[in-house]
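Along the sequence shown, the residues carry numbers beginning at 1.
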Amino acid sequence: MKPSKTPTIPPRTAVAQVHELPSLPFAEIKALWREICGGEPPTHNRQFVERQLAYKLQEAEFRKVDPGLLERNSKKIASLIATGKLRKRDKDFHPTPGTLFTREYHGKVHQVTATADGQYNYNGQPYRSLSMVARVITSSRWSGPVFFGLKDYAAKSLTKKGGAK
């Protein structure tokens, strides 16, 4: 007889934990605060404590997904302080997993979700780039970042021609 395997229960996601915060008794919220932040909550304002916990839970979750995020942001901040200017977005830019891109096209709303593996999910199918998704939606070649409003080439071309400044 084989020993029965106990199924491993995956840990609750940050989204699930944040979603259940409003239904928890305040005593449990305080206990969660002590576990995550150490010490007592700074106030008895439940809404404030819930919001801060939601932020901390999401922060911890995204740190697991992208451990280099803090380092990249620190470099960007240091560059901004040193030069007073923001650098352009990196070529290898990938949005935070779970980012939702929405675009209405020909009267239909299209939604695309960024995934943890750097791809994009559209209608249950993975795509390597936003441009591939835009091509599926429009049946023509589009820059995905332009199609979903992340870049505005019209404003750039007007500036280059001396139109809008």
Heavy-atom side-chain proximity of Leu24 to Leu21 below 4.5 angstrom: yes

Closest contact, heavy atoms only, Ser131 versus Gly144: OG-N, 2.8 Å

Leu130 side chain near Phe147 side chain, heavy-atom distance below 4.5 Å: no

Nearest non-hydrogen partners of Trp142 and Ala134, listed with the distance: CB-CB, 3.8 Å

Other residues, nucleotides, ligands: >12 heavy atoms within 6.0 Å of Phe26 CZ: yes

Separation of Tyr55 OH from Ile36 CD1 (nearest 0.5 Å): 13.5 Å

Spacing of Arg103 atom CZ and Ile137 atom CD1 [to the nearest 0.5 Å]: 8.5 Å

Neighbour count >12 (heavy atoms, 6.0 Å) for atom CZ, Arg51: no

Side-chain donor/acceptor of Gln52 to backbone N/O of Phe48, under 3.5 Å: no

Nearest atoms (heavy-atom pairs only) where Pro97 meets Thr115: CB-C, 4.0 Å

Side-chain heavy atoms of Val112 within contact of Tyr127, under 4.5 Å: no

Rounded distance (nearest 0.5 Å) linking atom OH of Tyr122 with atom OG1 of Thr113: 11.5 Å

Asp117 side chain to Gln119 backbone, donor-acceptor under 3.5 Å: yes

Side-chain touch Phe101/Pro145, heavy atoms, less than 4.5 angstrom: no

Atom pair OG (Ser143) and CZ (Arg141), whose distance is rounded to the nearest 0.5 Å: 12.5 Å

Closest non-hydrogen atom pair, Gly39 against Trp33: O-CD1, 3.4 Å

Glu104 side chain near His110 side chain, heavy-atom distance below 4.5 Å: no

Any donor-acceptor N/O pair, Arg46 side chain to Pro22 backbone, under 3.5 Å: yes

Atom pair CD/CG of Gln111 and Asn121 - distance to nearest 0.5 Å: 11.5 Å

ILVMFWY cluster, Val133 and Tyr105 together (side-chain gap under 4.5 Å): yes

